[in-house]
2 protein chains.
Amino acid sequence: MNKPKRVTIKDIAQLAGVSKSTASLVLSGRGKELRVSEATRERVMDIARQAHYQPSIHARALNSSRSHTVGLVVPEMTNQGFATFSHALETLCRDAGLQLLIACTDENASQETLAVNNLIQRQVDGLIVASSMLNDAEYQKINQQIPVVLFDRHLGESTLPLVITDAIEPTARLVERVAREGVEEFYFFGGQPRISPTRDRLEGFRQGLDRAGMALKPEWIIHGHYHASSGYEMFAELCMRLGRVPKALFCAACGLQEGVLRYLSQHGLLEQPIRLCSFDDHYLYDALSVKIDTVVQDERMLAWNCFEIISGLIEGETLENQQRQLPALLKWRSA
Amino acid sequence: MNKPKRVTIKDIAQLAGVSKSTASLVLSGRGKELRVSEATRERVMDIARQAHYQPSIHARALNSSRSHTVGLVVPEMTNQGFATFSHALETLCRDAGLQLLIACTDENASQETLAVNNLIQRQVDGLIVASSMLNDAEYQKINQQIPVVLFDRHLGESTLPLVITDAIEPTARLVERVAREGVEEFYFFGGQPRISPTRDRLEGFRQGLDRAGMALKPEWIIHGHYHASSGYEMFAELCMRLGRVPKALFCAACGLQEGVLRYLSQHGLLEQPIRLCSFDDHYLYDALSVKIDTVVQDERMLAWNCFEIISGLIEGETLENQQRQLPALLKWRSA
DNA sequence: GTGAAAGCGCTAACAG
DNA sequence: CTGTTAGCGCTTTCAC
């Protein structure tokens, strides 16, 4: 690997017969206001172009203490929702000249700490996080150095900027309507009860039943974790216990619903009467024989809001109390 | 935002009463072999820990010309396959102390050039690319400076390292078997014909029909692009033309199959007799009433191979002719 | 208008 | 064993 030495600003300066500083001014675009002559400017620019000059990000970062880099921390990139979110955010960042650094935590707090430290060490200018932590202590500290925006999950009563989809109300409306159809039992499958999406969706579930005048039985509520396998296991166990499939079920996340579907199909139960509804949508639900009603989040909107807040903060705007809750849509397939 | 000034190696050195270079040696872990006294080493380490010292990646990158960063270029992160691949690769990289920089091209060559330039400018140590380009000229040039590994798609007769799932043979086997069932027509939906996955899968389709002794009719082959909407449109048009659904169909990618399914469900055709098969699997296919046979890629394996090659190359190993073709699995749901 | 010089934080000779 | 020195590539005063 013969490495053609990097062309630096010094080379450009020499070729153009000016000093490093002049070249620097021109190349960083601020030649004009700083009274570099038209002629010099063009010469330098031309030469730079011809030589394929590429400024070194690292040298820049070193003395501006800005890396033009934003860290994104998500539990799983393979989750459809986070993938869409990441994609949207990546596009926004790239258009703004920022590089997105993505780190996955596998829903694991200690891995999250590692990932975040790693990002900080890379001097990200800001951090966007869907955290698996219990509280925001760590992020409060970080937020004193670089801006932090939380999304998808709230950490206790954190005062950090936050972008989230309103879960309680839409879940309640969904559940209420299903409950009013006269189902005599209504199960809830949730992920880890300690993370806020699970809690909010459960709260929505409670309110929905309540509004429909249906008394919640404690054994209806079952918690697992947000993984493909978990929904399957929970459902298998439930079927075992009941000796049949449940009448109605709300899954607090896409992954859980997936597991349930897999169980149903593997056991030839897809034609059984069962009322399914779920938080998070998937395009393939359209093609299922069983009709699943869902609460649909707008991930692009989430990404857009996170981006807006973080870039404002990075630019030094001092936006107070940025806690945004975006509306969700209900998608009725049973109707 | 009161920014507590960064603690540098100089600070540590002062606090420990040694020189910058000694501190540097200790902190970069090579204090021992370079004969720094036990006592000094411990003192420096202690102080560094207490002061939460974090070495500046940028300063390091500046004089080592290594950024400990790898660029990944994919068409779409939202595609299940690329998401899984990215996730696996991210984990491998992070464990190896490398940061993965992900860029999306939206299947667009000029956007790809931009993204790649941006990554290069950030001095990535290596590049892993699923390219939407027509040839490897650009990457050959880049490869003279930093190692490049192509995956998922081959670019002409490129000699660059390449990791790919074997598509022709498994597709041929899948198609052959379906053809032998005695279908009297067999359509092929592909993405852009210019990119290699489309071509390979088409070639596999051809061979499959051939082996089954079925004569291919040119009008069976229909090209669109790899987007959710494309499969839908192609299928809509085909149904229009035929006045019914086709007897058998092979979709060259997950997205196309999705569009087809959406059309079928929206038009209440899911119960129609149609023989579906597809390249790329999806877990939800299990839950469909229509049985889809698929060719399944192992994305984790792809990621692992890419990682192995790129890290070898980055470490300066001179691996010649790294073109790896991984086997695919067939998943029969119709059986 | 332009250049010289210092410094961002770190590493790598080379002297002691 | 440890300190001095000289960069890595760029920006930013401050003179001329």
Side-chain angles (χ1 to χ4, degrees), chain A residues 3-45 47-48 51-69 120-123 125 145, chain B residues 3-45 47-48 51-69 120-123 125 145:
Chain A
K3 34 172 72 178
K5 217 179 112 14
R6 169 180 259 282
V7 310
T8 75
I9 208 170
K10 192 168 142 198
D11 303 328
I12 303 296
Q14 266 167 8
L15 289 173
V18 298
S19 76
K20 267 173 33 173
S21 27
T22 307
S24 170
L25 284 183
V26 175
L27 292 171
S28 52
R30 299 163 317 127
K32 189 138 183 198
E33 68 216 43
L34 286 171
R35 316 142 306 175
V36 176
S37 75
E38 177 81 30
T40 328
R41 258 186 292 142
E42 296 216 325
R43 193 150 34 89
V44 173
M45 282 309 239
I47 294 189
H52 296 295
Y53 169 70
Q54 299 244 249
S56 154
I57 283 285
H58 298 297
R60 274 202 179 151
L62 194 52
N63 51 19
S64 70
S65 69
R66 285 257 319 240
S67 64
H68 299 277
T69 254
I120 303 249
Q121 176 171 349
R122 298 198 107 88
Q123 270 158 249
D125 296 333
Q145 326 232 99
Chain B
K3 36 171 71 178
K5 217 179 113 11
R6 168 178 260 282
V7 312
T8 75
I9 207 170
K10 193 169 140 197
D11 303 328
I12 304 296
Q14 267 167 7
L15 288 174
V18 297
S19 77
K20 267 172 35 175
S21 29
T22 306
S24 170
L25 282 182
V26 176
L27 292 171
S28 52
R30 297 163 318 129
K32 190 140 184 198
E33 69 216 45
L34 286 172
R35 315 142 306 175
V36 175
S37 75
E38 177 81 31
T40 329
R41 257 187 293 141
E42 294 216 328
R43 192 150 34 90
V44 173
M45 283 307 240
I47 294 189
H52 295 296
Y53 169 71
Q54 299 245 254
S56 155
I57 283 279
H58 298 296
R60 276 202 178 150
L62 193 52
N63 53 15
S64 70
S65 68
R66 284 257 319 241
S67 64
H68 298 278
T69 254
I120 303 249
Q121 174 172 350
R122 299 197 106 89
Q123 270 157 248
D125 296 333
Q145 328 231 97

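Per chain, numbering begins at 1; letters A, B, ... match sequence-line order. Please read these numbers as outputs of a predicted model, since none were measured by experiment.
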(message) Test your reading of the model: is there a side-chain donor-acceptor pair from S28(B) to the backbone of S24(B), 3.5 Å cut-off?
(response) yes
[X]: what forms a side chain to side chain donor-acceptor pair (under 3.5 Å) with it, not counting sequence neighbours?
{"X": "S67(A)", "result": "D125(A)"}
{"X": "R60(A)", "result": "none"}
{"X": "T8(A)", "result": "none"}

Residues which pass side chain to side chain contact (heavy atoms under 4.5 Å, CB included) with [X], listed by chain and number, not counting sequence neighbours:
{"X": "Q14(B)", "result": "K10(B)"}
{"X": "L15(B)", "result": "I47(B)"}
{"X": "L62(B)", "result": "S56(A), A59(A), L62(A)"}
{"X": "S64(B)", "result": "R66(B)"}

Does [X] make a side-chain N or O approach to OP1 or OP2 of [N] shorter than 4.0 Å?
{"X": "S64(B)", "N": "dC8(D)", "answer": "no"}
{"X": "S19(B)", "N": "dG3(D)", "answer": "yes"}
{"X": "R60(A)", "N": "dG9(D)", "answer": "no"}
{"X": "S24(B)", "N": "dC10(C)", "answer": "no"}
{"X": "T22(A)", "N": "dG3(C)", "answer": "yes"}
{"X": "S56(A)", "N": "dC10(D)", "answer": "no"}

Tabulate protein N/O versus nucleotide N/O from nucleotides 5-7 of chain C, keeping only pairs under 3.5 Å, one per line.
| residue | atom | partner | partner atom | Å |
| --- | --- | --- | --- | --- |
| dG7(C) | N2 | N63(A) | ND2 | 2.7 |

Proximity to the side chain of [X] - top-ranked nucleotide from [options]:
{"X": "I9(B)", "options": "dT2(C), dT11(C), dC1(D)", "value": "dT11(C)"}
{"X": "T40(A)", "options": "dT12(D), dG9(C), dG1(C)", "value": "dG1(C)"}
{"X": "V18(B)", "options": "dT2(C), dC10(C), dG3(D)", "value": "dG3(D)"}

Between atom [atom1] in [X] and atom [atom2] in [N], what is the gap in whole Å?
{"X": "E42(A)", "N": "dG1(C)", "atom1": "CD", "atom2": "C1'", "answer": "16 Å"}
{"X": "R66(B)", "N": "dA12(C)", "atom1": "CZ", "atom2": "C1'", "answer": "17 Å"}
{"X": "H58(B)", "N": "dT11(C)", "atom1": "NE2", "atom2": "P", "answer": "14 Å"}
{"X": "K10(B)", "N": "dT11(C)", "atom1": "NZ", "atom2": "C1'", "answer": "16 Å"}
{"X": "L25(B)", "N": "dT2(D)", "atom1": "CG", "atom2": "P", "answer": "10 Å"}
{"X": "L62(A)", "N": "dG7(D)", "atom1": "CG", "atom2": "P", "answer": "17 Å"}
{"X": "I12(B)", "N": "dC10(C)", "atom1": "CD1", "atom2": "C1'", "answer": "13 Å"}
{"X": "Q121(A)", "N": "dG9(C)", "atom1": "CD", "atom2": "P", "answer": "15 Å"}

(message) What's the angle between the local helix axes at either end of the helix from dG1(C)-dC16(D) to dG16(C)-dC1(D), using five pairs per end and rounding to 10 degrees?
(response) 50°
(request) State, yes or no, whether a side-chain contact exists between Q145(A) and I120(A) at a heavy-atom distance under 4.5 Å. (result) no
(message) A side-chain contact here means heavy atoms from C-beta on lying under 4.5 Å apart; do V26(A) and M45(A) qualify?
(response) yes
(request) Could you check Y53(A) against G17(B) and say which one's nearest nucleotide on DNA chain D is further toward the 5' end? (result) G17(B)
